[in-house]
Amino acid sequence: MRNGRDADMTTIAFIGLGNMGAGMAANLAKAGHDVAAFDISEDALEVAKANGCRIAESGADAVKGAEAVVTMLPAGKHVRAVYLDDVFDHAEPGTLLLDCSTIDVATARDVGEQAAAKGFLMVDAPVSGGIAAAAGGTLTFMVGGTDKAFERAEPILDVMGKAVIHAGESGAGQAAKICNNMLLGATMIATCETFNLAQSLGLDPQTFFDISSKASGQSWSMTSYCPVPGVGPDSPADNDYEGGFAAPLMLKDLKLAMEAADEAGMRTPMGAKARALYEQFVKNGGEKKDFSGIIEFLERSSIDG
Ligand code: NAD
């Protein structure tokens, strides 16, 4: 604690203020932390300023004097560049580093190892939950890192989320995230093609839902996020597949899962098929759709042969 400051106030550098980072940084500022924000986009900086953050000149400027650094960047190459160019040489050793981006496991482990070698405590802490959860402070964080790093990261992540789970050592947060989303992608496709088949066999979708949601075919994709409009709780299907979890982000996570499977030498044929189908969906009208919108693509491609 510095003189005259609230005991719980932390100086936090926040780098990457896009769709997700904007809301997360705003929640840290709202909780009374001193947030030094940086993004290469001027528009993103304007929003951060309006949300109570202090604007930094550069990534290096943001991390100077920070007790913690949070990053929320698009992909592994951005994370590597920001840590190697801005963070490692300008932050004080001992600073806590939290990367909340979704990136490949190999880069997460490598950057984590380099951070440890330079005397930093680092966690990979990817999130489950979208833009609304980032804005509302209800994200779920899956955290990889040492017990000591997790202990220090938890109170900061708590401000931005509703659940913070320690998944294991460095890289384990990313591993948990892509394994969960590989399962989600595959079960969503299975749910979609099953409802399409059920309807083509003359079953009413609501009746099939009532049966299968209480039988062994039940899954989260069916009971919490049913891809058929008007069936199950309110979901993006009821809003023309707008909002929710965008299909290109599902494709990104499936690509990361396949990279990890290749590196680990594991056979994941369902994951590979899910990746191929989401790639086709994104190229054929799904770019701006929720990932459950693949039900229409599957139906269309059945009819078109
Ligand atoms: P985004 O593209 O909206 O935001 C990324 C931000 O990083 C941009 O504002 C960009 O200008 C900034 N940036 C890029 N390089 C930079 C650099 N060198 N220095 C400073 N800023 C830089 O992406 P997003 O939707 O906010 O997603 C961020 C991460 O969260 C991704 O890894 C994504 O996979 C993951 N994620 C997103 C969602 C979602 O619903 N959007 C959900 C879960 C996880």
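Remember, it's 1-based here, ligands and their atoms both numbered in the order they're listed.
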Compute the shortest N/O to N/O distance between [X] and ligand 1 and return yes if it is under 3.5 Å, no if not.
X	answer
N19	yes
D253	no
F38	no

Nearest neighbour in protein (non-hydrogen) for [atom]:
atom	value
atom 37 (C) of ligand 1	M20 CG, 3.6 Å
atom 4 (O) of ligand 1	G18 CA, 3.3 Å
atom 35 (C) of ligand 1	T102 OG1, 3.6 Å
atom 30 (O) of ligand 1	M72 CE, 3.1 Å

With a 4.5 Å cut-off on side-chain heavy-atom distances among I, L, V, M, F, W and Y, is there a chain of contacts connecting [X] to [Y]?
X	Y	value
F141	I178	no
V127	I156	yes
M142	V164	no

For [X], counting its heavy atoms only, list the atoms of ligand 1 lying under 4.0 Å from any of them.
X	answer
G130	40 (O)
K252	31 (C), 32 (O), 33 (C), 34 (O)
V127	43 (C), 44 (C)
G16	7 (O)
L249	34 (O), 38 (C), 39 (C), 40 (O), 41 (N)
G129	42 (C), 43 (C)
V82	17 (C), 18 (N), 19 (N)

**Study point:** Short N-O contact, K289 and D240, less than 4.0 angstrom
**Key:**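 Yes.
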Exercise for review: Between D39, D86, L256, flag the one that comes closest to atom 11 (O) of ligand 1 by a heavy atom.
Suggested key: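 Heavy atom nearest to atom 11 (O) of ligand 1 belongs to D39.
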Check your understanding: For atom 15 (N) of ligand 1, which candidate among I40, D85, I15 holds the nearest heavy atom?
Key ->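 The residue whose heavy atom sits nearest atom 15 (N) of ligand 1 is I40.
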Check your understanding: Within a distance of under 4.0 Å, is there any protein heavy atom near atom 23 (O) of ligand 1?
Key ->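 Given the 4.0 Å limit, the answer for atom 23 (O) of ligand 1 is no, no protein heavy atom qualifies.
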In terms of side-chain heavy atoms, does [X] have a donor or acceptor partner in [Y] at a distance below 3.5 Å?
X	Y	value
S41	D43	no
S221	T187	yes
T223	Q218	yes

Exercise for review: Using a 4.0 Å heavy-atom cut-off, say whether L73 meets ligand 1 through its side chain, its backbone, both or neither.
Suggested key: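 For L73, the contact with ligand 1 is made by both the backbone and the side chain.
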Below 6.0 angstrom between ring centroids: does that apply to [X] and [Y]?
X	Y	value
Y225	F291	yes
F14	F38	no
F120	F88	yes

Review point. Just wondering, do I103 and L256 contact through their side chains at under 4.5 Å, heavy atoms?
Key: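 No - every pair of side-chain heavy atoms lies 4.5 Å or more apart.
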Check your understanding: How many angstroms lie between CZ in F245 and CE in M188, if you round to the nearest 0.5 Å?
Key ->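 F245 CZ to M188 CE: 10.5 Å, rounded to 0.5 Å.
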Review point. Going by heavy atoms, is P74 under 4.0 Å from ligand 1?
Key: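 Yes, P74 has a heavy atom closer than 4.0 Å to ligand 1.
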